[in-house]
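Notes follow once the structure below has been shown.
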Amino acid sequence: MKSRLSAKEAINLIKDGSTIMVGGFLSCGAPDVLVDELVRQKKTGLTMISNDTTYPDADKGKLIVNKQIKKLITSHIGTNPETGKQMHSGELEVELVPMGTLIERIRAKGTGLGGILTPTGVGTVIEENKQTMVVDGKKFIFEKPIGADYALIYGTKVDKFGNVSFFGTTRNLNTVMATAADTVIVQADEFVDCLDPNEVVIPGLFIDYIVVKEDNSEE
């Protein structure tokens with residue numbers, strides 16, 4: 001069985017300067033309780049890998065507003081003006097990665113691959129300072145795998161073995177991020193004894209710690 005922690009206990013594991021992956025597509029499937037605890041504990045100097053930075057007053061966006069993120073690797077910053085402001089002022093290092101490429105780089109780390117070849121970005125600034133290769137007459141960019149010290153992910157239902165199921169599109173980047181971090185913490189909306197195997201999307205072997213949302217309602 002996996003350890004069930006409070007959000008405070010789980011986030012205590014994260015050190016200043018760590019690299020974190022945070023799931024969610026905007027606020028859909030975002031581990032909001034875990035992110036709010038990161039804000040409360042004022043962890044700093046973080047490198048964050050995420051699909052986006054949501055909005056200034058929502059989950060991942062709060063970390064940007066509070067200037068807890070030193071470097072950001074992401075695909076989309078348009079919904080959070082503070083991200084662009086810090087990027088242009090030099091306060092925040094931002095690596096913009098096409099969304100499909102970002103997901104594939106994470107997947108490559110999780111599956112032990114040495115990288116990926118993608119045509120996305122060929123002939124643009126994305127190609128600058130990167131290796132390229134021609135395969136069957138077509139040019140590709142070589143992109144390295146990307147992983148993290150910690151992945152903070154969401155699950156609709158999680159059982160005592162760490163198996164995770166999702167409702168609808170809340171799975172988004174959570175599934176691939178669970179495979180590519182040294183330590184994976186899942187925030188569960190609902191904790192159950194044992195999921196039906198047909199419901200399992202992320203097998204429990206990828207999960208290290210479980211945080212149940214209702215356990216932290218008073219924190």
From CA spacing to verdict: side-chain contact (heavy atoms from CB on, under 4.5 Å), Glu104, Thr118: CA-CA 9 Å; Glu104 286 298 293; Thr118 175; over 6 Å; no

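- Comment: Glu95 engages Arg105 in a salt bridge, judged by a side-chain N to carboxylate O separation of less than 4.0 angstrom.
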Using side-chain contact (heavy atoms from CB on, under 4.5 Å), reason through Ile77 and Ile64 one step at a time and then give a plain yes or no. CA-CA 11 Å; Ile77 64 172; Ile64 300 293; over 6 Å; no

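- In terms of heavy-atom proximity, Thr120 sits nearest to Thr101 at CB-OG1, 4.0 Å.
- A side-chain hydrogen bond (donor to acceptor under 3.5 Å, both in side chains) check over residues 199-209, counting only residues at least two apart or in different chains, returns the pairs Lys157-Glu199.
- Lys43 NZ: more than 12 foreign heavy atoms inside a 6.0 Å radius.
- Take Arg171 and apply the salt bridge (Lys or Arg N to Asp or Glu O under 4.0 Å) test, not counting sequence neighbours, and it matches no residue.
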Please walk me through it: do Phe167 and Asp189 pass side-chain contact (heavy atoms from CB on, under 4.5 Å)? CA-CA 11 Å; Phe167 177 76; Asp189 274 353; over 6 Å; no

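- Formation of a donor-acceptor pair under 3.5 Å by the Thr54 side chain with backbone atoms of Gly61 is found in this model.
- Glu127 CD: more than 12 foreign heavy atoms inside a 6.0 Å radius.
- Tested against Asp159 for a side-chain contact (heavy atoms from CB on, under 4.5 Å), the candidates Asp193, Asp196, Leu195 yield a single pass: Leu195.
- Looking at residues two or more places apart in sequence or on another chain, you find no salt bridge (Lys or Arg N to Asp or Glu O under 4.0 Å) involving Glu190.
- Within the 4.5 Å cutoff, the side chain of Val201 has no heavy atoms near those of the Val164 side chain.
- The environment of Lys70 atom NZ is sparse: at most 12 non-hydrogen atoms of other residues, nucleotides or ligands sit within 6.0 angstrom.
- For the pair Lys213 and Asp32, the minimum side-chain heavy-atom distance is below 4.5 Å.
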Can you list, pair by pair, the side-chain donor-acceptor contacts under 3.5 Å of residues 146-153, counting residues two or more places apart and other chains?
unit_1, atom_1, unit_2, atom_2, d
Asp149, OD2, Thr19, N, 2.8
Tyr150, OH, Leu13, O, 2.7

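- By the salt bridge (Lys or Arg N to Asp or Glu O under 4.0 Å) test, Asp59 is found to be paired with no residue, residues two or more places apart in sequence or in another chain being considered.
- Qualifying salt bridge (Lys or Arg N to Asp or Glu O under 4.0 Å) partners for Lys130, counting only residues two or more places apart in sequence or in other chains: Glu143.
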